[in-house]
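I have placed the structure first, in the form of structure tokens, so that the comments after it can refer back to it.
Order of the sequence lines sets the chain letters (A, B, ...), proteins ahead of strands, with each chain counted from 1.
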Amino acid sequence: MTDTALGWRPRHRRRPKLRDGITAGLVIRYAVLIGTVLLTIFPLVWLVITSLRTRADIFAVPVHILPDSVTFTQYVDVFSQYGLNDYLWNTIIVSVATVVLVILCAVPCAYAMARFRLPGAKVVVSILLIMRMIPVVALAIPLFAVFASIGLLDTLTALVLAHTASKLPVAIWLLMGFIQDLPKEIEESAQMDGASTLRILVQIVSPLIAPGIGATAVITFLFTWNDLLIALTLASSEASQTLPVGLTNFVSQFGIDWGAMSAAGVLMVIPTLIFVWFAQGLLVKGLVTGAVRG
Amino acid sequence: MSSAAQPAGRQWRGSPLAPSWQKGYLLASPALIAMIAILIYPLAYSFIMSFYRWDLSAPSQYFVGLSNYRDTWNSLGFQQTLRVQLLFSAVTITVEVIAGIGVAVLVNSKLRGLRLARTLLLVPPMIAPAVVGLNFRWLFNGQYGLVNGISRYLGLPEAPWLSDPNWALASVMIADIWQNTPLLVLLFLAGLQSLPQEPIEAAQVDGASPWGIFWHITLPLMRPIIMIALMLRIIDTFRTFDVIWLMTQGGPGGATSVITVNAYQLAFQGASFGHAAAVSYIALFLSLLALAVLYGAPWLHRKIRRAL
């Protein structure tokens, strides 16, 4: 291959050379593909393996890949000993409520931004983009002070409010793109037929951008589900702590219960895996187009 | 209704929707009110806080001007944080972007299993960074961890992964690279598939080497998407918290204390909200500066070349 690059080989000899190159190239390509996939999934496979080991097996030296025996006690322990139920419920409530609020607020806002000639819309859109850059800690610190002063600290309401506000800019940004891709003619003819703005939004625009709403909902759900910093800051008692904060509670002064921690980690990753499997197209579209538009 | 006949982009002028910007703001108001109350107001509040002495323990607050920023900038802890942050960002972004381009370019052809691989690649960027942090903490565990286990098996020396300052920084970088490179691979794959094929095919016909095609054609064509990737990673490395918090809590001895970890510790372990607010605004300023350099650099480069 390098010979042809130097350009002194006669042209007619290129053909067999190229075929050899393609074969070698294919081997390299498959090696890279397989290597990347193995590196990607192995740490997660190890998490699952650790969660299925017995306590003695976890602390066995030398480390061996396959467990001596498979046990599900860790999965029972995380519920009975570590109170995973509460963390789980809190996380589900906060994530679902956030998704509902974000979609209810973001769809009309994105529609207004994309379709109405709003004075100041450009300013609003550039503020949305800057909000994407703000470190979460810069928001979490003052929110702690604000929520403390109105007595909302350590409630699920505080978490829902904080997540809704912090996920809104990205949601509006994503939805605006989907609405701008729609042809305006449908809305115009509906308008000529006398449909109200709200009716156009609910009955015509929303169904047309259903994939966009789906992508936004999944992305909002996962980022809320995964959040550590806001929950760590605003929820101090177990009554309002979420799963990621619960994970930090496995780190005690007596060390870390690695088996139970891994089981909790596996349980926490399951919704993500489900969404990735069933909504990968939406996710990639949302993440990549969101990134490209940004 | 003359609006339908007007050219695209102008068609709302004169239509019943055009004058009703009040209606538009009415639709936007729930989101705008939520963002003003829970996003912009607290951020403005903490910006003001960054000019006050504001301790959780002290009953009163008083204006101190820029002294929080000055104290922060001059403190040894922050200088270490700044070094750690810049090293963390530089290394992880470089590795992630180069590995992302490399993998994307190599697997960008009709390979069996590519679809499945793309699904699997979406997993690390989407799972909770907290889980990633604890999992890598376990993998890098000195005694029982898999990484040292493999080293021992291969007869290599064991590394003090999380207990030694330099190794700890390397550990959190590896965890970050593991989690974020796959998203860049997907981003670059999407970018590669939207590239025009003619220049590449023409070069192949002319007998250019694969490396030559990559270096002189693919890479320049990919420049916009590489800029987007760099921008995303710059923003996110200056926001990173979860993985490091669960792996090391910024330790040992502040060796992995990036800016957000430092700000969190100042606020909730040191109870100094004013300093913490100053640190978080410095983080925002630095990421804005990095983006300005990123966007200014090609422009400066061109200007210098033209001047010469």
Side-chain angles (χ1 to χ4, degrees), chain A residues 1-2 4-5 14 29-30 32-33 36-37 40-41 43 46-47 59 62-63 105-106 108-109 111-112 116-119 131 133-139 141-143 146 161-162 164-165 168 172 184 188 192 197 222 226 228-229 244 247 258 261 265 268-269 272 276 280 283-284 288 291-292, chain B residues 1 4 11-12 18 21 23-24 27-28 30-31 34-35 38-39 42-43 45-46 103 106-107 109 111 117 119-124 126-128 130-131 134-135 138-139 144 146 149 152 182 186-187 190 207 209 212 228 232 235 238-239 241-242 260 263-264 267 273 276-277 280 283-284 287:
Chain A
M1 296 296 280
T2 43
T4 47
R14 210 183 62 221
R29 281 165 200 273
Y30 273 110
V32 169
L33 186 69
T36 308
V37 167
T40 302
I41 59 170
W46 190 246
L47 186 73
F59 294 111
V63 182
C105 293
C109 183
Y111 182 59
F116 288 62
R117 286 154 40 87
L118 295 183
M131 288 301 151
M133 296 182 53
I134 305 256
V136 181
V137 72
L139 180 67
I141 291 167
L143 269 183
V146 171
L161 288 175
T164 303
L168 266 175
I172 295 170
K184 284 176 180 172
E188 281 180 325
M192 278 183 264
T197 311
L222 288 180
N226 289 347
L228 171 68
L229 192 44
L247 282 184
W258 291 109
M261 184 281 290
M268 201 182 153
V269 167
T272 314
V276 165
Q280 50 164 315
L283 269 172
V284 171
V288 172
V292 172
Chain B
M1 301 287 158
Q11 43 195 324
W12 295 99
W21 61 270
K23 209 189 262 178
L27 282 176
M35 286 191 291
I38 318 170
L39 211 53
L43 287 169
Y45 185 92
S46 79
V103 172
L106 282 170
V107 303
S109 54
L111 299 185
T119 309
L120 293 173
L121 282 177
L122 199 52
V123 173
M126 287 289 104
I127 63 175
V131 175
L134 274 181
N135 193 29
W138 174 229
L139 286 166
Y144 311 109
L146 179 68
R152 245 172 274 149
L186 293 174
L187 188 65
S209 70
I228 289 165
L232 282 177
I235 292 173
F238 278 91
R239 290 155 51 104
F241 176 83
D242 303 16
T260 50
Y264 182 85
F273 272 41
S280 57
L284 179 62
S287 61

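Closest heavy-atom contact between A/Ala165 and B/Leu39: O-CD2, 3.4 Å. Heavy atoms only, all atoms of each residue included: A/Ile141 and B/Ala263 are closest at CD1-O, 4.1 Å. Taking all atoms of both residues into account, the shortest heavy-atom contact from A/Thr40 to B/Pro124 is CG2-CG, 3.3 Å. Closest heavy-atom contact between A/Pro108 and B/Leu27: CB-O, 3.3 Å. Across A/Ala162 and B/Ile38, no two heavy atoms sit closer than the pair CA-CG2, 4.2 Å. In plain terms, the two heavy atoms of A/Asn226 and B/Met126 that are nearest each other are ND2-O, 2.8 Å.
The shortest distance between side-chain heavy atoms of A/Pro244 and B/Asp242 does not fall below 4.5 Å. In this structure, A/Thr272 and B/Val123 have side chains that are not in contact, with every pair of non-hydrogen atoms separated by 4.5 Å or more. The closest side-chain heavy-atom distance from B/Val107 to A/Thr36 is not below 4.5 Å. Considering only heavy atoms from C-beta on, B/Thr260 stays 4.5 Å or farther from A/Val136 through its side chain.
Heavy-atom pairs under 4.5 Å with chain B peak, among A/Pro119, A/Gly265, A/Ala106, at A/Pro119. Residue with the most contacts toward chain B among A/Met131, A/Met268, A/Gln280: A/Gln280 (heavy-atom pairs, distance under 4.5 Å). Looking only at heavy-atom pairs under 4.5 Å with chain B, the residue among A/Leu222, A/Ile134, A/Ile172, A/Leu161 that has the most is A/Ile134. The candidate from A/Val146, A/Leu168, A/Val37 with the greatest count of non-hydrogen atom pairs under 4.5 Å with chain B is A/Leu168. Comparing B/Leu122, B/Leu146, B/Leu120 by heavy-atom pairs within less than 4.5 Å of chain A, the highest count is held by B/Leu146. With chain A as partner, the option from B/Ser280, B/Ala128, B/Pro30 having the largest number of non-hydrogen pairs under 4.5 angstrom is B/Ala128.
For A/Met133, the parts sitting under 4.5 Å from any heavy atom of chain B are the backbone and the side chain alike. Within the 4.5 angstrom heavy-atom criterion, atoms from both the backbone and the side chain of A/Val276 approach chain B. Only the side chain of B/Phe241 has a heavy atom closer than 4.5 Å to any heavy atom of chain A. Proximity to chain A is limited to the side chain of B/Ala190, based on heavy atoms less than 4.5 angstrom apart. Neither the backbone nor the side chain of A/Thr164 has a heavy atom closer than 4.5 Å to any heavy atom of chain B.
Between atom CG of residue B/Leu106 and atom OH of residue A/Tyr30 there is a gap of 13.5 Å, rounded to the nearest 0.5 Å. In this structure, the separation between CZ on A/Arg29 and CG on B/Leu111 is 7.0 Å, given to the nearest 0.5 Å.
Residues that satisfy the side chain to side chain contact (heavy atoms under 4.5 Å, CB included) test with A/Val269, not counting sequence neighbours, are A/Leu273, B/Ile127, B/Val131. Contacts of B/Pro42 classified as side chain to side chain contact (heavy atoms under 4.5 Å, CB included), with partners at least two apart in sequence or in another chain: A/Leu139, A/Pro142, A/Leu143.
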